[in-house]
Amino acid sequence: MTTPLETSTQDEDKRRWTPLNVWNQLAPRCYNRFVLCFEIDNNKHTAVIRHIKNCATNLGLRRPMLRSLLKVDGPFALINKTDKQDILVDSGDISSVFGKTYKQLKEAGFPASAFLNRVFDVLNFAGKDVFPALILRIYCIDGGLLLGVHLHHSLGDGKAIDDVISWLSTESRGEIPDMRSSVLSGPFPVSNYPINPNKNTRVLQPWSTNYRFPERTILLSSVPSSKKLTGYIFVFKTATLNTIQRQMQQLGHADLPSTTTILIAMLWAHVVKARMKAQKTRQIAEVHSRLFTLVDVRKHVFDDADQANLYFGNAVEAALTSLPEADLLNICEIPPEERSPDALAKILQPICRSVTTSIERIDESFVRERHTVFSRVADPRTLAFDCFPNDPRAFMLNSWRYVGLNPGQEWVFPGIDGARHPDAIRRAAGEWNSPAAVLLPARPGSGELEVMVTLEEEAMHLLFKDGGLLELVDRIALGSSAALLWQRI
């Protein structure tokens with residue numbers, strides 16, 4: 001394959017590459033890899049693959065930025081909005097490497113471990129330091145297709161992937177798409193390049209950073225996990241969480257937390273308990289545990305909802321909730337004979353209020369202040385979230401709950417009756433990421449919340465023994481040959 005770089009002069013090359021906006025400079029320099037799971041008979045694979053490739057070609061013509069190339073190995077992430085290539089679409093049979101048929105995958109609940117496979121790795125483009133903005137990969141297995149939507153994180157976050165899924169599924173249905181142009185620039189009038197990065201040296205001082213932005217710290221080097229990680233998908237019934245919510249209402253609490261907030265508070269406590277016990281960390285009354293909830297800030301910084309919806313890129317900040325660990329872990333200390341929705345509601349309510357308050361604290365001034373500092377730092381990635389794998393008291397939660405399974409995101413394939421959503425959407429990776437939890441996309445009307453939890457193996461083993469949490473869990477997608485699914489009876 002010949003890239004535009006190989007057919008251009010050095011001066012032309014320099015003119016084509018421009019820096020991405022500040023938010024995009026902050027993003028990890030890797031692909032966000034989502035996989036959409038469709039049950040499709042083997043004899044229909046060829047026609048469906050051809051249909052998806054045609055849809056991708058049409059989408060590239062309507063959304064040229066998805067055909068862009070990226071350079072991400074330097075201090076700045078750069079984009080080349082080339083018109084010399086289509087969206088890259090690969091397809092291939094991975095049955096022998098993947099090791100599961102679609103039926104087995106579905107019966108196992110699409111476990112997280114099934115999508116931890118080097119076959120989902122994405123390498124650089126043509127051996128150069130150049131990456132396509134978007135790669136579509138169609139992975140064939142017996143009885144189904146796994147559609148990989150791999151968008152480079154430097155160009156967009158989970159909401160951007162949701163946009164890609166919306167556009168591509170619209171193409172699959174043969175419907176007229178929304179032709180309004182996407183907004184690639186950020187909402188604040190600052191240069192993409194840092195403004196005199198050494199002029200305001202205070203932004204580079206740890207004490208100043210931690211005081212102004214307590215959720216961030218100056219990262220001088222990477223902090224990998226020294227423990228072996230694993231991940232599982234915990235499935236909760238919304239009816240179970242609704243019961244706790246109703247009990248809070250009966251206790252006279254006017255501002256009821258959402259069921260998602262209740263789930264976040266529960267997970268925060270039980271995961272911190274497991275990690276502290278696994279790492280033999282002593283509980284100290286005056287020490288705080290911290291929750292980092294990632295929040296999409298589009299609606300806080302654009303003039304109207306249309307502008308926020310048209311923005312294509314990264315736009316995420318972290319809401320920091322800090323509580324004395326003794327207050328947090330009280331959730332886990334209720335004796336089995338006293339566990340009830342009433343007891344949980346009483347302890348959870350103040351914790352949920354703290355989580356909600358921290359999220360509501362993120363407004364335009366919160367975002368603008370940080371954005372201004374990011375634009376003045378030589379490499380904004382050095383101002384990282386202060387949440388690292390070696391801290392058992394810190395917990396990060398992200399949400400992809402509304403990605404790719406919404407009304408209007410149904411797919412139509414040749415030879416298959418009707419429009420439908422994928423059976424599941426999963427994150428693909430070559431290895432486990434840092435300890436964290438992610439709310440996964442939920443099918444409309446499913447009445448369930450799926451959470452992928454990644455932890456150290458010893459901590460996960462302890463979590464499986466935590467009766468206080470398991471009483472709320474409907475099932476766990478284990479994915480092993482011995483037990484494909486744990487389910488409450």
Side-chain angles (χ1 to χ4, degrees), residues 22-23 25-28 157 186 188 190 194 197 200-223 225 257 261 264-265 267-269 271-272 275-276 279 281 283-301 314-329 350-399 434-438:
V22 173
W23 272 334
Q25 300 293 346
L26 275 167
D157 53 19
F188 304 124
V190 299
N200 185 359
T201 57
R202 290 184 61 188
V203 302
L204 301 178
Q205 299 300 319
W207 65 268
S208 176
T209 301
N210 294 139
Y211 177 76
R212 295 178 65 186
F213 311 139
E215 79 284 0
R216 291 190 180 267
T217 189
I218 295 177
L219 181 64
L220 301 177
S221 61
S222 61
V223 185
S225 175
T261 303
I264 290 171
L267 283 172
W268 180 19
V271 167
V272 167
R275 295 190 70 208
M276 288 181 64
Q279 297 186 30
T281 304
Q283 183 173 324
I284 304 173
E286 60 271 20
V287 172
H288 281 55
S289 176
R290 297 172 303 146
L291 170 69
F292 296 77
T293 307
L294 298 187
V295 177
D296 183 342
V297 299
R298 286 166 172 79
K299 66 181 181 180
H300 298 299
V301 295
N314 290 279
V316 172
E317 287 293 345
L320 175 62
T321 310
S322 180
L323 287 175
E325 62 183 40
D327 293 350
L328 177 69
L329 297 181
I351 298 172
C352 290
R353 187 191 309 121
S354 296
V355 174
T356 301
T357 299
S358 70
I359 294 173
E360 292 175 345
R361 197 176 295 126
I362 296 181
D363 56 15
E364 181 179 349
S365 61
F366 178 104
V367 179
R368 183 183 290 273
E369 183 181 10
R370 284 154 178 77
H371 189 277
T372 300
V373 172
F374 299 151
S375 69
R376 288 181 164 86
V377 177
D379 186 346
R381 291 174 299 166
T382 59
L383 290 172
F385 293 130
D386 190 21
C387 184
F388 299 106
N390 56 359
D391 182 1
R393 295 183 175 92
F395 181 54
M396 180 169 284
L397 185 132
N398 197 0
S399 177
S434 298
V438 178

Checklist entry - How would you list all residue pairs meeting salt bridge (charged side-chain N to carboxylate O under 4.0 Å, His left out) that involve residues 355-365, not counting sequence neighbours? => result E364-R368

Checklist entry - Would D391 and R393 pass as an ion pair if we require N to O under 4.0 Å? => result no

Checklist outcome for this item: On a heavy-atom basis, the closest approach of N390 and Q279 is O-OE1, 4.0 Å

Checklist outcome for this item: Here the pair of heavy atoms bringing V295 nearest to A319 is CG2-CB, 4.1 Å

Item to check | Validation row: D386, E215 side chains within 4.5 angstrom (heavy atoms) | outcome: no

Checklist entry - Run the side chain to side chain contact (heavy atoms under 4.5 Å, CB included) check on E317 and R370 step by step: do they pass? => result CA-CA 9 Å; E317 287 293 345; R370 284 154 178 77; 3.9 Å; yes

Next on the checklist: Just verifying a value: how many Å separate S289 OG and L329 CG, rounded to the nearest 0.5 Å?
Outcome noted: 7.0 Å

Checklist entry - What pairs with A265 under side-chain contact (heavy atoms from CB on, under 4.5 Å), at least two apart in sequence or on another chain? => result L348, I351, C352

Item to check | Reported CG-to-CG distance for the pair N398 and L294, which is rounded to 0.5 angstrom | outcome: 4.5 Å

Checklist entry - Any side-chain heavy atom of R290 within less than 4.5 Å of one from F395? => result no

Checklist entry - Can you check whether I264 reaches L291 side chain to side chain, under 4.5 Å on heavy atoms? => result yes

Next on the checklist: Test your reading of the model: is there a side-chain donor-acceptor pair from D157 to the backbone of A315, 3.5 Å cut-off?
Outcome noted: yes

Item to check | Gap separating the NE2 atom of H300 from the OG atom of S365, nearest 0.5 angstrom | outcome: 10.5 Å

Checklist entry - After noting the C-alpha distance and the side-chain angles of I362 and V367, does the key distance pass the side chain to side chain contact (heavy atoms under 4.5 Å, CB included) rule? => result CA-CA 7 Å; I362 296 181; V367 179; 4.1 Å; yes

Item to check | Any R275 side-chain heavy atom under 4.5 Å of P435 side chain | outcome: yes

Checklist entry - By side-chain contact (heavy atoms from CB on, under 4.5 Å), which residues pair with A269, not counting sequence neighbours? => result L328, I331, C332

Item to check | Heavy-atom closest pair, residues T321 and S358 | outcome: OG1-OG, 2.7 Å

Checklist entry - Does some side-chain heavy atom of L323 sit less than 4.5 Å from a side-chain heavy atom of W268? => result yes

Checklist entry - W23 versus V297: any side-chain heavy-atom pair under 4.5 Å? => result yes

Next on the checklist: Just so I know, are the side chains of H371 and V22 near enough to count as touching, which here means a heavy-atom distance under 4.5 Å?
Outcome noted: yes

Checklist entry - Side chains of H288 and E325: closer than 4.5 Å at any heavy-atom pair? => result no

Checklist entry - Where the side chain of R216 meets the backbone of L383, is there a donor-acceptor pair that is under 3.5 Å apart? => result yes

Item to check | Parallel, tilted or perpendicular, as decided by the 30° and 60° cut-offs, for the rings of F374 and F213 | outcome: tilted

Checklist entry - Roughly how far apart are S434 OG and M396 CE, rounded to 0.5 Å? => result 8.5 Å

